[in-house]
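All heavy atoms count here, side chains included; hydrogens, waters and symmetry mates do not.
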Number of protein chains: 2
Amino acid sequence: MDEKRIAAIFKAFCDENRIRIIKLLRSGEKCACKLLEEINVTQPTLSHHMKILCDAEIVVGRKEGKWTHYSISEKGVEQAKECLRQLTTLDVESENKPCCEK
Amino acid sequence: MDEKRIAAIFKAFCDENRIRIIKLLRSGEKCACKLLEEINVTQPTLSHHMKILCDAEIVVGRKEGKWTHYSISEKGVEQAKECLRQLTTLDVESENKPCCEK
DNA sequence: ACGACATATAGAAAAATGTCAATGTATTTT
DNA sequence: AAAATACATTGACATTTTTCTATATGTCGT
């Protein structure tokens with residue numbers, strides 16, 4: 001995966017309000033109006049955050065009439081975890097010449 | 001952990017250059033001058049990114065004479081993984097009233 | 001002690017992000 | 001059909017982040 005996409009995925013988790021939204025969704029699917037009651041932003045701001053979360057595929061939206069129900073995407077979360085794993089797993093294969101020795 | 005700290009941890013992973021730096025460190029400890037050769041920023045900008053990575057505890061710096069050797073912190077990475085797990089694990093306990101029903 | 005080197009810090013400019021008010025688009029309710 | 005509701009989009013503004021140049025700090029070699 002390219003750096004830009006990886007960055008987009010983790011951007012989901014680097015705003016305080018988005019973290020609050022994710023925490024709220026742990027208890028299950030919620031519609032935007034419910035989320036709006038719980039976090040202290042205006043409706044357009046919430047909508048903006050939901051877009052970022054959905055683009056990162058951490059959250060999915062399900063439209064039903066005039067409501068949109070959001071929930072955590074198990075698939076997206078797995079991808080984020082896998083991404084974090086790949087990024088941070090040491091590569092023992094590549095021999096690493098010590099650098100900047102005296 | 002509070003939202004601010006969680007955000008700080010994941011900020012490590014939401015800049016393209018920092019992701020490149022982390023990828024470089026997978027092959028083992030590297031000094032700043034080596035990293036500088038590989039990513040396309042000035043020395044102060046690299047220094048700035050290293051500070052963010054170290055503050056997030058994803059990377060640790062080891063000073064040795066005039067050099068600073070950076071490496072991925074296994075401990076910090078584990079904490080990030082655990083954090084991601086906790087954030088995204090569904091809470092089956094809390095019953096979730098369906099909201100916004102017709 | 002002096003010059004060269006490695007890195008950090010300060011300050012400013014540029015770019016990206018978060019926020020809100022106003023407005024648009026569906027859909028539902030009356 | 002009109003009003004109300006739920007959500008998205010637009011555009012403006014403020015804040016934060018990224019980046020640079022210039023400079024400071026600390027260490028090494030001579």
What is the nucleic acid contact for [X], judged by heavy atoms within less than 4.0 Å: base, sugar-phosphate only, or nothing?
| X | answer |
| --- | --- |
| H48(B) | base |
| S47(B) | base |
| L36(A) | nothing |

Atom-pair distance ([atom1] on [X]; [atom2] on [N]), nearest Å:
| X | N | atom1 | atom2 | value |
| --- | --- | --- | --- | --- |
| W67(B) | dA4(C) | CH2 | P | 17 Å |
| K51(A) | dT9(D) | NZ | P | 7 Å |
| I52(A) | dT9(D) | CD1 | P | 13 Å |
| K4(A) | dA16(C) | NZ | P | 8 Å |
| Y70(A) | dA6(D) | OH | P | 14 Å |
| D55(B) | dT9(C) | CG | P | 10 Å |
| L46(B) | dT7(C) | CG | P | 9 Å |

Short heteroatom pairs, N/O only, protein and nucleotides 25-27 of chain D, under 3.5 Å:
none

- Item | Neighbour count above 12 (heavy atom, 6.0 Å) for D2(A) CG |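 Yes, the 6.0 Å shell around CG holds more than 12 heavy atoms from other groups.
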- Task: Could you walk me through whether T88(B) and F13(A) pass side-chain contact (heavy atoms from CB on, under 4.5 Å), step by step?
- Result: CA-CA 10 Å; T88(B) 57; F13(A) 303 99; 4.1 Å; yes
With sequence neighbours excluded, what pairs up with [X] under the side chain to side chain donor-acceptor pair (under 3.5 Å) test?
| X | answer |
| --- | --- |
| E57(B) | R5(B) |
| S27(B) | K30(B) |
| K23(A) | E3(B) |

N/O (side chain, [X]) to phosphate O (OP1/OP2, [N]) under 4.0 Å:
| X | N | value |
| --- | --- | --- |
| H49(B) | dT17(D) | no |
| T45(B) | dT18(D) | no |
| K11(B) | dT17(D) | yes |

With a cut-off of 3.5 Å and sequence neighbours excluded, list every side-chain donor-acceptor pair involving residues 47-55 of chain A.
from   : atom 1 : to     : atom 2 : distance (Å)
H49(A) : ND1    : R18(A) : NH1    : 3.1
K51(A) : NZ     : D55(A) : OD2    : 3.3

- Message: Within residues 14-32 of chain A, which residues have any heavy atom lying less than 4.0 Å from an atom of DNA chain D?
- Response: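 Only C31(A), A32(A) qualify.
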- Query: Do Q43(A) and dA6(D) share a donor-acceptor pair, side chain to base, under 3.5 Å?
  - Reply: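 Looking at the base of dA6(D), it does not pair with any donor or acceptor on the side chain of Q43(A) (distance under 3.5 Å).
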- Query: Out of dA8(D), dA8(C), dC20(C), which has the shortest distance to the side chain of T68(A)?
  - Reply: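 The nucleotide sitting nearest to the side chain is dA8(D).
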- Trace of the side-chain contact (heavy atoms from CB on, under 4.5 Å) decision for I9(B) with L84(B): CA-CA 10 Å; I9(B) 290 171; L84(B) 182 56; over 6 Å; no
- Does a side-chain N-to-carboxylate-O contact under 4.0 Å join K81(A) and E78(A)?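 Answer for the salt bridge query: yes.
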- Message: What I want to find out is whether R20(B) reaches E16(B) closely enough, with some N-O distance under 4.0 Å, to be called a salt bridge.
- Response: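 Yes, charged N to carboxylate O under 4.0 Å.
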- 4.5 Å side-chain heavy-atom contact, L25(A) and L35(A):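 L25(A) vs L35(A): side chains touch.
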